[in-house]
Amino acid sequence: MKKEDTVKLISAEGFEFVIDKKAAMVSQTIRNMLTSPGSFAETEHGEVTFPEINTTILEKICQYFYWSLQYASGKETEFHIEPELTLELMMAANYLHT
């Protein structure tokens, strides 16, 4: 897979998730960051840092992006969310418009 087909999402602790750009585009916020006109670092380097989202939550968000693509293509499966992650995940989802 080519570098321009991927996006690097970086958590508050500095952990990096390299995911398909198509999956990342599930998020309206990430889509805006990566496609904005101008010379923004996110657009130029294909990476987005989330200083307010911890690694566990960002990992779950990445899983959701892939699940969402599968669901949109007709594969209906369950997306499990651990109860202890619910509040933080809802706040992150709200920010990411997912």
Subject >> Close side-chain approach of I53 and S11, heavy atoms under 4.5 Å >> reply: no

Original post:
Quick one: NE2 on H45 to NZ on K8, what's the gap to the nearest 0.5 Å?
Top reply: 10.5 Å

**OP:** Flag the pair L69 / K22 as yes when at least one side-chain heavy-atom distance between them is below 4.5 Å, and no otherwise.
**Re:** yes

Subject >> L96 reachable from I81 in the ILVMFWY side-chain graph, under 4.5 Å edges >> reply: yes

**OP:** Could you tell me whether Q28 atom CD has more than 12 heavy atoms of other residues or ligands within 6.0 Å of it?
**Re:** yes

Original post:
Under 3.5 Å, is there a donor-acceptor pair between the side chain of S27 and the main chain of A24?
Top reply: no

Subject >> Stepwise side chain to side chain contact (heavy atoms under 4.5 Å, CB included) check, F65 with I19 >> reply: CA-CA 9 Å; F65 291 162; I19 65 172; 3.8 Å; yes

Original post:
Just how far is it from atom OG1 of T56 to atom CD of E82, taken to the nearest 0.5 Å?
Top reply: 9.5 Å

Subject >> Closest heavy-atom pair and its distance - A12, P51 >> reply: CB-O, 3.2 Å

Subject >> Side chains of L89 and I61 in contact at under 4.5 Å (non-hydrogen atoms) >> reply: yes

Subject >> Criterion side chain to side chain contact (heavy atoms under 4.5 Å, CB included) against R31, the qualifying member of M25, K21, H97 >> reply: M25

Subject >> Close aromatic pair by centroid cut-off 6.0 Å: Y64 and Y66 >> reply: no

Original post:
Is E16 close to L9 at the side-chain level, that is, under 4.5 Å between some pair of heavy atoms?
Top reply: no

Original post:
Would T55 and F50 satisfy side chain to side chain contact (heavy atoms under 4.5 Å, CB included), going step by step from the backbone distance to the final call?
Top reply: CA-CA 10 Å; T55 300; F50 297 102; over 6 Å; no

**OP:** Might you confirm whether atom CE of M91 has over 12 heavy atoms from other residues, nucleotides or ligands at distances under 6.0 Å?
**Re:** yes

**OP:** Please step through side chain to side chain contact (heavy atoms under 4.5 Å, CB included) for the pair K75 and T77, ending with a clear verdict.
**Re:** CA-CA 6 Å; K75 184 177 180 184; T77 59; 3.8 Å; yes

**OP:** Calculate, to the nearest 0.5 Å, the distance between atoms CD and CD belonging to E88 and E52 respectively.
**Re:** 11.0 Å

Original post:
N54 side chain to I57 main-chain N or O, any donor-acceptor pair under 3.5 Å?
Top reply: yes

**OP:** May I ask you to test the V18-V7 pair for a side-chain heavy-atom distance under 4.5 Å?
**Re:** no

**OP:** Would you sort out whether F17 and E59 count as a side chain to side chain contact (heavy atoms under 4.5 Å, CB included), showing the intermediate values?
**Re:** CA-CA 8 Å; F17 295 91; E59 179 180 22; 3.6 Å; yes

**OP:** Quick one: sort the F79 and W67 rings into parallel, tilted or perpendicular, breaks at 30° and 60°.
**Re:** tilted

